[in-house]
Amino acid sequence: MQNIIRKKASQMEIELNDYQIEQFINYYSILIEWNRVMNLTAITEYEEVVNKHFIDSLSLIKTIDKKTFRSGSISVIDIGTGAGFPGIPLKIAFPEIKITLLDSLNKRIKFLNEVVEEIGLKEVQTLHGRAEDYARKHEYREKYDLCVSRAVANLAILSEYALPYVKKSGYFISYKSGNIEEEIKESTKAVEILGGKIEKIEKFTLPETEIQRSLVKIRKENSTGKKYPRKAGVPSKEPLK
């Protein structure tokens, strides 16, 4: 188990020490234990979890310099984190970051709290609620250097959830799979309305797999208008165009 995660991370040019590898293995064990009683992931075989969850989460370094993560000053929020992806793998690999994990299901927050405690993570905040609601609170609005999300939603919708959290000159990075050209084209105007600009699209294949992935890097150029995000449910029903 140790050799698998060490090798896969090394292929992403991330070197993990023995303690970090043990954290990943313990994270996997807790994930599988909780998955027996609640739906956290359909992927349960160890190497598949490493590839499709852990390494996929860490692929963020293709768009953000590792030195940035290791500076000790970067604040990150993971919107719709689910079972903790990508936030917890990023925190394990780069313990210097300060991270907030937000999810709308309280059962998942309880799971995340146990993971954080059991594997010894520090400076992790978990939030139970909707992204639209927390984004309107002063203590969270435009407070983060980086927002990430692996949530399955159209980029225009995700941007309305995410960009209000990001400081000017910060970034929102969305994890995507498959052919995204049409989605990017349809989302460009919405991103601009929300104060962002699509800066880069990084396409790649996960190491030793045929899984095609894309990271959409959006820079926050202007403050998000106060009317955004719209009230809960509206962004998904009426995406900005």
Side-chain angles (χ1 to χ4, degrees), residues 8-14 41-43 47-69 74 76-94 97 99 101-103 131 144-166 169-221 235-236 239-241:
K8 299 286 186 180
S10 182
Q11 289 170 340
M12 299 291 290
E13 298 184 356
I14 297 173
T41 178
I43 301 164
E47 192 161 354
E48 275 203 286
V49 170
V50 170
N51 279 328
K52 297 179 181 179
H53 287 322
F54 296 168
I55 299 303
D56 185 44
S57 295
L58 296 180
S59 68
L60 190 71
I61 65 158
K62 290 183 174 291
T63 61
I64 300 285
D65 193 315
K66 285 182 286 187
K67 292 177 183 176
T68 302
F69 286 130
I74 187 170
V76 183
I77 184 166
D78 179 2
I79 301 291
T81 187
F85 308 121
I88 288 182
L90 289 170
K91 179 64 179 175
I92 294 172
F94 304 101
I97 65 174
I99 195 153
L101 307 171
L102 187 152
D103 199 85
Y144 294 90
D145 300 298
L146 176 65
C147 176
V148 293
S149 183
R150 281 175 92 225
V152 180
N154 180 277
L155 186 61
I157 299 168
L158 278 177
S159 295
E160 187 167 355
Y161 294 152
L163 280 169
Y165 289 95
V166 182
S169 300
Y171 288 93
F172 164 45
I173 298 179
S174 176
Y175 290 66
K176 290 287 181 181
S177 58
N179 190 333
I180 61 166
E181 277 70 20
E182 191 63 30
E183 182 178 344
I184 295 293
K185 184 178 177 182
E186 292 175 354
S187 303
T188 301
K189 183 65 176 176
V191 169
E192 290 177 357
I193 290 170
L194 296 160
K197 182 179 180 180
I198 297 174
E199 185 175 283
K200 182 181 182 183
I201 301 164
E202 183 75 36
K203 296 183 179 182
F204 59 97
T205 303
L206 287 175
E208 297 184 11
T209 76
E210 296 181 357
I211 301 168
Q212 302 292 318
R213 298 294 274 150
S214 298
L215 295 170
V216 183
K217 186 177 185 180
I218 299 172
R219 179 179 168 86
K220 181 76 170 279
E221 298 203 321
S236 58
L240 294 172
K241 295 182 179 178

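In this chain, residues are counted from 1 in sequence order. Please read all numbers here as calculations on a predicted model, not as lab measurements.
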Answer yes or no: is there a donor N or O on one side and an acceptor on the other, between the side chain of Thr81 and the main chain of Asp78, under 3.5 Å?
no
With salt bridge (charged side-chain N to carboxylate O under 4.0 Å, His left out) as the test, pick out the partner of Asp56 among Lys176, Lys8, Arg150.
Arg150
Indicate yes or no for a side-chain donor-acceptor contact from Ser159 to the backbone of Ala156 under 3.5 Å, with no hydrogens or angles considered.
no
Spacing of Ile92 atom CD1 and Ile97 atom CD1 [to the nearest 0.5 Å]:
10.5 Å
In Å, rounded to the nearest 0.5 Å, how long is the span from CG of Leu60 to CG of Leu146?
6.0 Å
Interatomic spacing from CD1 in Ile193 to CG in Leu240 - rounded to 0.5 Å:
5.0 Å
Which pair of heavy atoms, one from Gly87 and one from Leu101, lies closest together, and at what distance?
CA-CD2, 3.8 Å
So, for Lys203 and Ser214, which heavy atoms are closest and what is the spacing to 0.1 Å?
CG-OG, 3.5 Å
Checking Lys200 against Leu215 for the side chain to side chain contact (heavy atoms under 4.5 Å, CB included) test, could you report, in this order, the C-alpha distance in whole Å, the side-chain angles of both residues, the deciding distance, and whether it holds?
CA-CA 8 Å; Lys200 182 181 182 183; Leu215 295 170; over 6 Å; no
Would you indicate whether Glu181, at its atom CD, is surrounded by more than 12 heavy atoms from other residues, nucleotides or ligands within a distance under 6.0 Å?
yes
Would you confirm whether Asp103, through its side chain, and Gly82, through its main-chain N or O, come within 3.5 Å as a donor-acceptor pair?
yes
Contact summary for Ala9 and Ile55, nearest pair of heavy atoms:
N-CD1, 3.7 Å
I need the minimum non-hydrogen distance between Leu102 and Ala131, along with the two atoms involved.
CD2-N, 3.9 Å
Please name the pair of heavy atoms, one in Cys147 and one in Val166, separated by the smallest distance, quoted to 0.1 Å.
CB-CG2, 3.6 Å
Does the side chain of Ser177 reach to within under 4.5 Å of the side chain of Ile211, using non-hydrogen atoms?
no
Between CG of Leu206 and CE of Met12, what distance do you get to the nearest 0.5 Å?
7.0 Å
Could you tell me how the ring of Phe85 sits relative to the ring of His53: parallel (under 30°), tilted (30 to 60°) or perpendicular (over 60°)?
parallel
Taking all heavy atoms of Gln212 and all of Thr205, pick out the closest pair and write down the distance.
NE2-OG1, 3.0 Å
Side-chain donor/acceptor of Tyr161 to backbone N/O of Pro235, under 3.5 Å:
no
Check whether any side-chain heavy atom of Thr41 sits under 4.5 Å from a side-chain heavy atom of Val49, and report yes or no.
no
Side chain to side chain contact (heavy atoms under 4.5 Å, CB included), paired with Leu158, selected from Ser236, Ser174, Ser187:
Ser174
Would a distance-only check, ignoring hydrogens and angles, find a side-chain to backbone donor-acceptor pair under 3.5 Å from Thr188 to Ile184?
yes
Is there a donor-acceptor pair under 3.5 Å between the side chain of Lys241 and the backbone N or O of Glu186?
no
Hey, could you give me the NZ/CZ distance between Lys220 and Phe172, rounded to the nearest 0.5 Å?
11.5 Å
Flag side-chain contact, heavy atom, 4.5 Å: Ile61 against Phe94
yes
Gap between atom CD1 of Ile218 and atom OH of Tyr171 - 0.5 Å precision:
11.5 Å
